[in-house]
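Within every chain, numbering begins at 1; the chains are lettered A, B, ... in the order of the sequence lines, protein sequences first and strands thereafter.
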There are 2 protein chains.
Amino acid sequence: MSENVVQRLRDEIENGIISNDFAPGARLDEVQLATRFGVSRTPVREALMQLNAIGLVEIRPRRGAVVIDPGPHRIFEMFEVMAELEGLAGSLAARRFTDADRTTILAAHADCERSFSAGNSDAYYYDNERFHKAIYAASHSGFLAEQCVALHRRLQPYRRLQLRVRNRVATSFAEHGAIVEAILAGDAEQARTLLRQHVSIQGERFSDLVATLASR
Amino acid sequence: MSENVVQRLRDEIENGIISNDFAPGARLDEVQLATRFGVSRTPVREALMQLNAIGLVEIRPRRGAVVIDPGPHRIFEMFEVMAELEGLAGSLAARRFTDADRTTILAAHADCERSFSAGNSDAYYYDNERFHKAIYAASHSGFLAEQCVALHRRLQPYRRLQLRVRNRVATSFAEHGAIVEAILAGDAEQARTLLRQHVSIQGERFSDLVATLASR
DNA sequence: GTCAACATTCTTGCATACAAGATTTATCAT
DNA sequence: ATGATAAATCTTGTATGCAAGAATGTTGAC
């Protein structure tokens, strides 16, 4: 199944945080997690250390680990950086994409269209992720792709909230269309600009985010 | 002395990697490190887990930890991302800098000038770091600043190599001047462009890097 | 009834122990 | 002498144990 216990624990706990099973600010008790996953405290601690290094968990000396709660402002900052990285990925993709990349991007885009037309916003969420990953891959920068995936993952819960906003799926899909066009046309600067705008949460979208966060 | 043993170990080992005491590809033996630092294996393992999560160390199941060796191509990719993040920091700084930020930036720039005039490239290296950190701070994005500092740190050894190249210090300082001008003039786009160019290693600078790497 | 000081309990931090997989070494056959 | 196989050794992965600091509960004074 999995490589080893620690990696599995790391993923499980990380997923728990991402999916809000472990809410921001929640204490992560070592023995509790250990019994829950049927292991001893040692691998749990090692997993928590990793999450600490990534910035998902804070470890206060002698007082245990808690899930980090990035306030609205920090979430905004994270989207800001994400927008920049996606923009870079787009511009590189426009210059470097191969035939295989084009196929993958178009396939993901087509799936988005299907989910959008079906009004299935959960499916759209999944396809949207594939679409963006296709662009990371087309950038042909392994490091950039890793950074993007990691940040994308951390922002997942908030992105999900965003899609609930009325008409957001329609807008998102329309933006995807323009992005695909720019990339396949090889227009790096246009791809960069469009992706940056697509990802960043400016103006009222930020207000929406804050409002949705508050009402949890 | 320090908060706890694990954090101290993490820093010590990380410094060892950055400063090339632990060369890329080197095996990091747990008991060896434990005895060296006078602790047991447990905190050593926890520190290694953290470094693994950051991407400095690879842990192969049942076969121990080794220092990751990012080949020239990946180093280039890392500089590419760094350039983008610095560009963002510059553009934000141009829009958001306060009086205190201006003072800090100008002070760091002045120190760079002193070290450059004195022909002291080691001192310049240190002042250069302060200069860039001043810009991160002026961006007023905590998350961006953290990302920049982390990546800056990982690229430290290669940046150091770069400065050895003939005339690189002079060029660097001249670029700094233009960057300061753009930021203080509030010209976000100009600041972004200049910083991006300043950081990225295009063309012959990449060849220089590869050559220097090979001759280690 | 409330607050504070003290004792108890709980949790973390690190060390040690033990088992299982990997590596090295030694022996034997060809 | 070389290659393969097996034994011994070494290393990692996980569990457990113990001590010290934090959290909690209790008792007593006002």
How would you list all residue pairs meeting salt bridge (Lys or Arg N to Asp or Glu O under 4.0 Å) that involve residues 48-57 of chain A, not counting sequence neighbours?
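Pairs touching residues 48-57 of chain A that pass the test: none.
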Determine whether more than 12 heavy atoms belonging to other residues, nucleotides or ligands lie under 6.0 Å from atom CZ of A:Arg166.
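It does not: A:Arg166 CZ has 12 such atoms or fewer within range.
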Atom [atom1] of [X] to atom [atom2] of [N]: distance rounded to whole Å?
X: B:Ile59; N: C:dA22; atom1: CD1; atom2: P; value: 16 Å
X: A:Leu48; N: C:dG13; atom1: CG; atom2: C1'; value: 13 Å
X: A:Gln32; N: C:dC10; atom1: CD; atom2: P; value: 14 Å
X: B:Glu30; N: C:dG21; atom1: CD; atom2: C1'; value: 14 Å
X: B:Gln7; N: C:dG13; atom1: CD; atom2: C1'; value: 13 Å
X: A:Arg41; N: C:dA17; atom1: CZ; atom2: C1'; value: 16 Å

Given 3.5 Å as the limit, does a donor-acceptor pair link the side chain of B:Arg154 with the main chain of B:Ile54, or not?
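Yes, the answer is positive, given that a donor and an acceptor are paired below the 3.5 Å cut-off.
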Do B:Arg159's NZ or CZ and the ring of B:Tyr125 fall within the cation-pi criteria of under 6.0 Å and 45°?
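B:Arg159 over B:Tyr125 ring: no.
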Proximal nucleotide (of C:dT11, C:dA22, C:dC14) relative to the A:Asp29 side chain:
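Output: C:dT11.
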Selection from C:dT12, C:dA15, C:dA22 that lies nearest to any side-chain heavy atom of B:Pro43:
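Between C:dT12, C:dA15, C:dA22, the one nearest the side chain of B:Pro43 would be C:dA15.
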Evaluate the side-chain proximity of A:Arg196 to A:Met82: yes if any heavy-atom separation is below 4.5 Å, no if none is.
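Result no, sub-4.5 Å side-chain heavy-atom pair not found.
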For B:Glu46, which contact category applies under a 4.0 Å heavy-atom criterion: base, sugar-phosphate, or nothing?
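Answer is nothing: B:Glu46 stays at 4.0 Å or more from every strand.
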Touch class at under 4.0 angstrom, heavy-atom based, for A:Arg63 against every strand present:
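A:Arg63: backbone/sugar contact only, no base atoms under 4.0 Å.
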Euclidean distance, B:Glu80 CD relative to B:Ser200 OG, rounded to 0.5 Å:
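If I round to the nearest 0.5 Å, the distance is 8.5 Å.
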Please walk me through it: do A:Ser172 and A:Tyr124 pass side chain to side chain donor-acceptor pair (under 3.5 Å)?
CA-CA 10 Å; A:Ser172 170; A:Tyr124 184 84; 2.7 Å; yes
Comparing B:Arg27 and B:Thr42 on DNA chain D - which has the more 5′ nearest nucleotide:
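Result: B:Arg27.
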Starting from the 5' end of DNA chain D, give me the residue, A:Gly38 or A:Arg62, whose nearest nucleotide shows up first.
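Upstream on the strand: A:Gly38.
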Between which nucleotides of DNA chain D, 5' to 3', does chain A make heavy-atom contacts below 4.0 Å?
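Endpoints of the contacted stretch of DNA chain D: D:dT14 to D:dA23.
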